[in-house]
There are 2 protein chains.
Amino acid sequence: MTRRTDPLTAEVVDLIGAVVARYHQEYDAAAAGHRMTGAQARVLAMLSAGPLPMRGIAERLRCEPSNVTGIVDRLEAQGLAERRPDPADRRVKLAAATERGRAVAADLRDSLEFAREPLAALSAGERATLRDLLARVLG
Amino acid sequence: MTRRTDPLTAEVVDLIGAVVARYHQEYDAAAAGHRMTGAQARVLAMLSAGPLPMRGIAERLRCEPSNVTGIVDRLEAQGLAERRPDPADRRVKLAAATERGRAVAADLRDSLEFAREPLAALSAGERATLRDLLARVLG
DNA sequence: TATTGTTATACTCTATAACTATA
DNA sequence: TATAGTTATAGAGTATAACAATA
């Protein structure tokens with residue numbers, strides 16, 4: 001059963017849509033600045049926290065494992081990631097960020113304008129309020 | 001020059017990233033429920049507010065005009081949109097939602113779970129606070 | 001000449017299905 | 001037999017460049 005949403009909720013949903021659009025725009029631009037696509041940048045960000053089996057990447061990306069092959073291929077071709085065997089299970093390949101990959105991931109994180117300009121408009125107390133509200137929305 | 005972001009800002013940015021991921025997940029699922037992709041659903045939502053020249057769609061989508069041709073082709077193939085001539089300029093083609101397209105767009109809007117479940121966790125006052133903070137973040 | 005929309009081309013991301021090597 | 005990763009294939013979104021029709 002569909003139910004009409006009240007005007008205030010609709011307004012918030014529209015604003016979230018605008019935030020989503022802007023986030024993507026800036027994330028993709030930052031990735032392009034390092035000659036990566038958005039998907040490649042997301043995977044590199046994951047790997048900069050530690051190696052992951054191909055399967056683990058697919059789960060976090062919420063996509064089919066077959067897609068991860070190509071994305072890691074392209075990161076590997078640029079020297080940003082590499083595949084390592086898993087000593088515990090020879091079927092598994094662990095994708096890991098190279099040293100240069102970690103540097104690029106850190107640079108990308110810092111170059112995300114979104115983290116500075118827009119949020120700078122809020123005071124520390126307001127940022128904390130925003131954090132708490134978003135955390136509750138996400139459940 | 002890159003500058004380190006403070007922990008609170010980083011936390012908010014991470015939460016926004018989570019919101020973005022969830023928004024896409026639900027938006028794409030809702031679109032798939034109507035046999036559309038996310039891009040097709042976004043364009044149909046635009047057109048449900050009124051006809052737009054192909055160029056105008058590209059500007060709002062922030063993509064090249066050549067891409068819009070295929071997206072509108074697919075909406076047209078499903079009877080959700082149609083192309084009309086612009087009486088004022090014979091170079092222009094106006095894309096418009098069909099009656100069925102408008103009905104699907106309305107249904108899609110209502111079926112966006114994101115608008116209900118998560119935001120229902122907030123009181124009206126909190127939703128208003130969230131709205132104001134997001135509006136200021138977007139500038 | 002400039003603009004609108006399209007076509008042609010190439011790359012990336014995506015899902016599905018079949019294959020391999022391990023377990 | 002089940003699982004991890006890959007390959008093959010096809011559809012969709014994207015950018016670039018070249019084109020026809022119109023301004």
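Atoms considered below: every heavy atom in the structure, side chains included; atoms not considered: hydrogens, waters and symmetry mates. In what follows, chains carry the letters A, B, and so on, assigned in the order in which the sequence lines appear, proteins first and then strands, with residues in each chain numbered from 1.
Atom CZ of B/Arg60 is surrounded by 12 or fewer heavy atoms from other residues, nucleotides or ligands within 6.0 Å.
Separating the CD atom of B/Glu76 from the P atom of C/dG5 is a distance of 14 Å, rounded to the nearest angstrom. Taking atom CD1 of A/Ile57 as the reference point, atom P of C/dT14 lies 13 Å away to the nearest angstrom. The CZ-C1' distance, from A/Arg60 to C/dC13, rounds to 20 Å in whole Å. Distance, B/His24 NE2 to D/dG13 C1': 12 Å, rounded to whole Å. Rounded to an integer number of Å, the gap from CG of B/Asn67 to P of C/dA8 is 16 Å. If you take CG of B/Leu52 and P of C/dT4, they are 14 Å apart, rounded to a whole angstrom. Nucleotide C/dT3 holds its C1' atom 12 Å from the CD atom of B/Glu59, rounded to whole Å. Between the CD atom of B/Glu64 and the P atom of D/dT14 there is a distance of 11 Å, given to the nearest Å.
If you find the closest nucleotide of DNA chain C to A/Ile71 and to A/Ala88, the one lying nearer the 5' end belongs to A/Ile71.
Between D/dT14 and B/Arg62, no contact under 4.0 Å exists linking OP1 or OP2 to a side-chain N or O. One finds a side-chain N or O of A/Thr69 lying less than 4.0 angstrom from the OP1 or OP2 phosphate oxygen of D/dT6. Side-chain nitrogen and oxygen atoms of B/Ser66 include none within less than 4.0 Å of the OP1 or OP2 phosphate oxygen of D/dA17. Look at B/Lys93 and you'll find a side-chain N or O under 4.0 angstrom from OP1 or OP2 of C/dT6.
Distances from the side chain of A/Arg74 to the nucleotides C/dC13, C/dA15, D/dA12 place C/dC13 closest. Checked against C/dT12, D/dA12, C/dA15, the side chain of A/Cys63 finds its nearest nucleotide in C/dA15. Closest approach to the A/Gln40 side chain among D/dG13, C/dT12, C/dG5 is made by C/dT12 (side chain taken as heavy atoms from C-beta onward). Proximity note for B/Arg83 (side chain, C-beta onward) versus C/dT12, C/dT4, C/dT6: the nearest is C/dT6.
By the 4.0 Å N-to-carboxylate-O rule, A/Arg55 lies too far from A/Glu59 to be salt-bridged with it.
Using a 4.0 Å heavy-atom distance criterion, A/Arg42 is classed as making no nucleic acid contact. Residue contacts shown for B/Arg90 are limited to sugar-phosphate atoms, with no base heavy atom under 4.0 Å away. Residue contacts shown for A/Asp89 are limited to sugar-phosphate atoms, with no base heavy atom under 4.0 Å away.
Here the side chain of B/Ser48 pairs no donor or acceptor atom with the backbone of B/Ala105 at under 3.5 angstrom. A donor-acceptor pair under 3.5 Å is formed between the side chain of B/Arg102 and the backbone N or O of B/Ala97.
B/Thr129 and B/Asp132 share no donor-acceptor pair across their side chains, judged by distance under 3.5 Å alone.
Across every non-hydrogen atom of A/Tyr23 and B/Val13, the tightest pair is CE1-O, 4.4 Å.
In the interface, the side chain of A/Arg91 is paired with the base of D/dT3 through a donor and an acceptor atom under 3.5 Å apart.
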